[in-house]
Visitor: 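Please find one structure pasted underneath; my questions will follow.
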Amino acid sequence: DGLGLGAPAGQPIGVSQRGKHTRVPLRERDRAIDLGDRLLILALLDQRLPDPQVRPIESGIRFARLLKTANRLVVPLFQRPYVWNEENQWEPLWNDLVRVADRFLAEPQGRHQPHFLGAVVLQQTPSPTGLMQERTIIDGQQRLTTLQILLDALHIELLAAGAVAPALRIEPLVTNAAPFRSHPEDQFKVWPTNRDRPAFNAVMGAEPPLDYRSMGFAGERMIEAHRY
């Protein structure tokens, strides 16, 4: 669960295909709308994930369809905590994201191959009729967690920039609608292991504008990922 966005098989974990990475600032308000367009392209067009069942990875679904559905993707207790960091994963992932989005923006009407985000294996959990579906993340929890944090941070930046319409398009990819919730934590699409839940809940549930220092989780990877 360490491949960057679109990293080929056999490539070292967390290393982008391009070798060198130029950091793209995320916290600049005047670029929020442009970054929103980039991520919406990735989320709403041709990005694909393997089918959310335990089955061969050749069977795929679109990234947006997985996240737009009201469901919870739960990290089991035996999985390791969130360990991604800026140098090895966040920055390469962000640069790969920008590269792919720029390709779409350069040729909006062009024929683009679906982009493979990496292997993700989910197992369906039996749910009573009428309740939200739940799936256990067997493989891919680091990637799915990072993408949720990234989309939530983008949502906040768009709201801060007054770009309400793009923010509303991002929101369903991060939050389950109120009618589907039975418990407060049901709002989250991804629910991490026990070790990471306090920090995840603090940063993903915070109202803008965010004050990272006041959250009380100094040095926690999920807080730092959201800040990045």
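No experiment lies behind these values; they were computed from the predicted model shown. Each residue takes its place number in the sequence, starting with 1.
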Visitor: Before giving the answer on side-chain contact (heavy atoms from CB on, under 4.5 Å), spell out for Val203 and Leu210 the whole-Å C-alpha distance, their side-chain angles and the decisive distance to 0.1 Å.
Guide: CA-CA 8 Å; Val203 72; Leu210 267 61; 4.2 Å; yes

Visitor: To the closest 0.5 Å, what do you measure between CG (Leu151) and CD1 (Ile170)?
Guide: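 The CG atom of Leu151 sits 5.5 Å away from the CD1 atom of Ile170.
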
Visitor: Met204 and Phe180: same hydrophobic cluster, using ILVMFWY side-chain contacts below 4.5 Å?
Guide: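 Different clusters: Met204 never reaches Phe180 through Ile, Leu, Val, Met, Phe, Trp or Tyr contacts under 4.5 Å.
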
Visitor: Could you tell me whether the side chain of Gln187 and the main chain of Ala178 form a donor-acceptor pair under 3.5 Å?
Guide: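 Flag not set: sc Gln187 to bb Ala178 has no pair under 3.5 Å.
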
Visitor: Using every non-hydrogen atom in the two residues, find where Ile156 and Pro208 come nearest and quote the distance to one decimal.
Guide: CG2-CB, 3.8 Å

Visitor: Quick one: closest heavy-atom pair of Arg195 and Pro81, and the distance?
Guide: CG-CB, 3.7 Å

Visitor: Check whether any side-chain heavy atom of Leu122 sits under 4.5 Å from a side-chain heavy atom of Thr136, and report yes or no.
Guide: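 Counting from C-beta outward, Leu122 and Thr136 never come under 4.5 Å.
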
Visitor: Going through the distances and angles, do Val120 and Asp139 end up as a side-chain contact (heavy atoms from CB on, under 4.5 Å)?
Guide: CA-CA 5 Å; Val120 172; Asp139 185 40; over 6 Å; no

Visitor: Test Asp186 against His183 for side-chain contact (heavy atoms from CB on, under 4.5 Å), laying out the working first.
Guide: CA-CA 5 Å; Asp186 289 346; His183 307 283; 3.9 Å; yes

Visitor: Side chains of His226 and Tyr212, heavy atoms from C-beta outward: is any pair under 4.5 Å?
Guide: yes

Visitor: Considering residues at least two apart in sequence or located in another chain, which fulfil the ring pair (Phe, Tyr, Trp, His ring centres under 6.0 Å) criterion with Phe188?
Guide: Trp191, Phe200

Visitor: Under the salt bridge (charged side-chain N to carboxylate O under 4.0 Å, His left out) rule, what do Glu171 and Lys68 come out as? Steps first, then yes or no, please.
Guide: CA-CA 9 Å; Glu171 189 172 0; Lys68 275 189 172 181; over 6 Å; no

Visitor: Hey, quick one: are Val98 and Ile149 part of the same hydrophobic cluster, counting side-chain heavy atoms closer than 4.5 Å, chains of contacts allowed?
Guide: yes

Visitor: CG of Asn88 to CG of Leu93: how many Å apart, nearest 0.5 Å?
Guide: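 Separation between the atoms: 12.5 Å.
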
Visitor: Before giving the answer on side-chain contact (heavy atoms from CB on, under 4.5 Å), spell out for Arg135 and Arg72 the whole-Å C-alpha distance, their side-chain angles and the decisive distance to 0.1 Å.
Guide: CA-CA 6 Å; Arg135 295 180 172 95; Arg72 298 186 72 221; over 6 Å; no

Visitor: How long is the gap from OG1 on Thr146 to CD on Gln141, to the nearest 0.5 Å?
Guide: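 One gets 8.5 Å once the value is rounded to the nearest 0.5 Å.
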
Visitor: Got more than 12 heavy atoms from elsewhere within 6.0 Å of CZ, Phe217?
Guide: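 Yes, the 6.0 Å shell around CZ holds more than 12 heavy atoms from other groups.
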
Visitor: Test your reading of the model: is there a side-chain donor-acceptor pair from Thr145 to the backbone of Gln142, 3.5 Å cut-off?
Guide: no

Visitor: For the hydrophobic clusters of this structure (ILVMFWY residues joined by side-chain heavy atoms under 4.5 Å, transitively), does one cluster hold both Leu168 and Val174?
Guide: no

Visitor: Could you tell me which non-hydrogen atom of Leu173 sits nearest to which non-hydrogen atom of Gln148, and how far apart they are?
Guide: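 Answer, listing the atom of Leu173 first, then Gln148: O-NE2, 2.8 Å.
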
Visitor: Quick one: closest heavy-atom pair of Glu86 and Pro92, and the distance?
Guide: O-CD, 3.8 Å

Visitor: Quick one: pull up CE in Met215 and CG in Asn201 and give me the separation to the nearest 0.5 Å.
Guide: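 Taking CE in Met215 and CG in Asn201, the distance rounds to 10.5 Å.
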
Visitor: Could you list the residues that satisfy salt bridge (Lys or Arg N to Asp or Glu O under 4.0 Å) with Asp196, not counting sequence neighbours?
Guide: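 Partners of Asp196 under the salt bridge (Lys or Arg N to Asp or Glu O under 4.0 Å) test: none.
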
Visitor: Answer with yes or no whether the hydrophobic clustering places Tyr228 together with Leu147; edges join I, L, V, M, F, W, Y residues whose side-chain heavy atoms lie under 4.5 Å apart.
Guide: yes

Visitor: If we count only N and O atoms by modelled type, under 3.5 Å, do the side chains of Lys189 and Asn176 hold a donor and an acceptor together?
Guide: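 Yes - a donor-acceptor pair under 3.5 Å links their side chains.
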
Visitor: Which pair of heavy atoms, one from Val83 and one from Gln89, lies closest together, and at what distance?
Guide: O-OE1, 4.5 Å

Visitor: Using a strict threshold of under 4.0 Å (side-chain N to carboxylate O), is an ion pair present between Arg227 and Glu224?
Guide: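 Arg227 and Glu224: salt-bridged.
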
Visitor: Donor-acceptor pair, distance only, cut-off 3.5 Å: does the side chain of Glu91 make one with the backbone of Glu87?
Guide: no

Visitor: How long is the span from the CG atom in Leu67 to the CG atom in Leu73, to the nearest 0.5 Å?
Guide: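 Nearest 0.5 Å value for the CG-CG distance: 7.0 Å.
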
Visitor: Taking only Lys NZ, Arg NE, NH1 and NH2, and the carboxylate oxygens of Asp or Glu, determine whether Asp96 and Arg99 approach each other closer than 4.0 Å.
Guide: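 Judged by the 4.0 Å cut-off on N to carboxylate O distance, Asp96 and Arg99 do form a salt bridge.
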
Visitor: Name the one of Val74, Thr193, Val75 that satisfies side chain to side chain contact (heavy atoms under 4.5 Å, CB included) with Ile137?
Guide: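 Going through Val74, Thr193, Val75 one by one, the side chain to side chain contact (heavy atoms under 4.5 Å, CB included) with Ile137 is satisfied by Val75 alone.
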
Visitor: Quick one: CD on Gln133 to CG on Asn71, what's the gap to the nearest 0.5 Å?
Guide: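 Gln133 atom CD to Asn71 atom CG measures 6.5 Å (nearest 0.5 Å).
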
Visitor: Could you pull out the closest heavy-atom pair between Arg197 and Leu77, with the gap in Å?
Guide: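 That would be NH2-CD2, 4.5 Å.
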
